[in-house]
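Fair warning: this is a prediction, and the values are worked out from it, not measured in the lab. Numbering starts at 1 and runs along the sequence shown.
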Amino acid sequence: MRWISRLAMGALCISLAACTSSPTGRQQLTLYSDEQLNQMGQQAFNQYQQELPAVGGATHRYAECVASALVAELPQQQRAQNWQIRVFEDDSANAFALPGGYMGINTGLLDIATNQDQLAAVIGHEISHVLANHANERVSTQSATQLGLSVLQSTAGIQNEQMLGLLGAGAQYGILLPFSRRHESEADILGLNLMADAGFDPRASLTLWENMSAASNGQPPVWMSTHPSHGQRIDDLQAGMNEALARYEQASSAGKRPNCSRPG
Ligand SMILES: [Zn+2]
């Protein structure tokens, strides 16, 4: 299935001239403009704000302190976005960052990420999804998959409906799923380096995942269940740890030591 998706993507890249490179040099299909994506981000953020009450005061200052230390390390063009973070009053452990710089973190996640370094691991990972245009790639891939299927449908005729249903399922699992696993690995590595550059201890990313696992007897934390393949993630983080530690030491000796006080 994977070679088919590569082939299809290659054809789309040539015919639509809609390919970009991710920060790790991976070729990606991006059919939508930044403006379109930022608009989608804003809409989703507005909806979130309508549904959940925001928390202010020391809790908000804490999240903002961590987020702004991370944003300060972004490449100039991305730093210039209007980054903002809200803390939402909700027990489910979740966090997100959206195109346009909209970030959110639920109070339930602050119970699992127990210090500034662990919180930086969560936010750094989420910011990295934005940096690497993952939302654009995901939406583009979905659109392209639907486009491909509708072309097939019109060629094959209605009597092959059942076969096309199977093809549709194949496209879902064969094309979309590997992409999102790749996105996770990419966000893990980029996020690890980002937190280290900002002077947060990258080893906290491993502790965070231990905390996530420990909290998951019963219902797994939302953030964990939307971030599958736990074992693979630990492997990725460990593989990137030497470089991240070197960057962390460099940041520390350059005087970068965030001191975000966690409200008690
Ligand atoms: Zn993720």
Side-chain angles (χ1 to χ4, degrees), residues 1-45 47-48 70-71 74-75 77-83 94-104 122-152 167-194 222-223 225-229 232-233 236-237 240:
M1 208 56 206
R2 195 164 284 188
W3 68 270
I4 297 177
S5 80
R6 282 215 191 105
L7 199 70
M9 197 175 118
L12 275 164
C13 286
I14 292 160
S15 61
L16 298 170
C19 273
T20 49
S21 271
S22 79
T24 62
R26 191 172 54 77
Q27 201 183 35
Q28 48 185 185
L29 178 69
T30 47
L31 296 172
Y32 297 89
S33 69
D34 287 347
E35 288 71 27
Q36 285 171 308
L37 260 293
N38 294 354
Q39 211 170 6
M40 291 178 210
Q42 192 180 25
Q43 274 165 7
F45 193 60
Q47 203 172 347
Y48 222 90
L70 293 165
V71 167
L74 299 181
Q77 202 194 339
Q78 281 130 338
R79 207 186 326 141
Q81 281 194 80
N82 183 27
W83 293 94
N94 202 13
F96 62 84
L98 299 165
Y102 308 97
M103 299 176 279
V122 174
I123 300 175
H125 174 98
E126 291 302 319
I127 290 177
S128 297
H129 278 305
V130 178
L131 283 192
N133 287 320
H134 288 164
N136 195 341
E137 195 177 355
R138 170 165 281 195
V139 179
S140 299
T141 308
Q142 278 165 348
S143 304
T145 306
Q146 274 159 10
L147 187 76
L149 285 176
S150 66
V151 170
L152 267 177
L167 266 176
Q172 286 285 328
Y173 294 105
I175 297 173
L176 300 180
L177 208 60
F179 270 118
S180 73
R181 283 197 187 137
R182 223 172 299 159
H183 286 174
E184 286 311 318
S185 295
E186 202 165 61
D188 276 337
I189 292 302
L190 293 171
L192 197 62
N193 288 336
L194 180 60
V222 179
W223 201 67
S225 60
T226 56
H227 285 76
S229 67
Q232 178 64 46
R233 181 176 311 274
D236 286 345
L237 290 171

Legend entry - Any residue meeting side-chain contact (heavy atoms from CB on, under 4.5 Å) with Asn38, in chain and number order, not counting sequence neighbours: Gln81, Pro99

Inset, instruction - Among Ile189, Leu74, Ile123, find the residue that satisfies the side chain to side chain contact (heavy atoms under 4.5 Å, CB included) test when tested with Leu194. - result: Leu74

Legend entry - Straight-line distance of Ser128 OG to Glu184 CD, nearest 0.5 Å: 10.5 Å

Inset, instruction - Using a 4.5 Å cut-off on heavy atoms from C-beta on, say whether the side chain of Met103 contacts that of Glu126. - result: no

Inset, instruction - Can you see which heavy atom on Ile127 is nearest to which on Leu70, and at what distance? - result: CD1-CB, 4.1 Å

Legend entry - Partner residues of Gln78 under the side chain to side chain donor-acceptor pair (under 3.5 Å) criterion, sequence neighbours left out: none

Inset, instruction - Enter the distance from Ser21:OG to Arg26:CZ here, rounded to the nearest 0.5 Å. - result: 9.0 Å

Legend entry - With Ala132 via side-chain contact (heavy atoms from CB on, under 4.5 Å) - residues at least two apart: Pro23, His134, Glu186, Leu190

Inset, instruction - State which residues pass side chain to side chain donor-acceptor pair (under 3.5 Å) with Asp236; sequence neighbours excluded, sorted by chain then number. - result: Ser185, Gln232

Legend entry - Exercise: identify the closest heavy-atom pair between Val71 and Arg79: O-CG, 3.2 Å

Inset, instruction - State which residues pass ring pair (Phe, Tyr, Trp, His ring centres under 6.0 Å) with Tyr48; sequence neighbours excluded, sorted by chain then number. - result: Phe88, Phe96

Inset, instruction - Please determine if Arg182 and Glu137 form a salt bridge, counting it only when a charged side-chain N lies under 4.0 Å from a carboxylate O. - result: no

Inset, instruction - Quick one: pull up CE in Met40 and OH in Tyr102 and give me the separation to the nearest 0.5 Å. - result: 13.0 Å

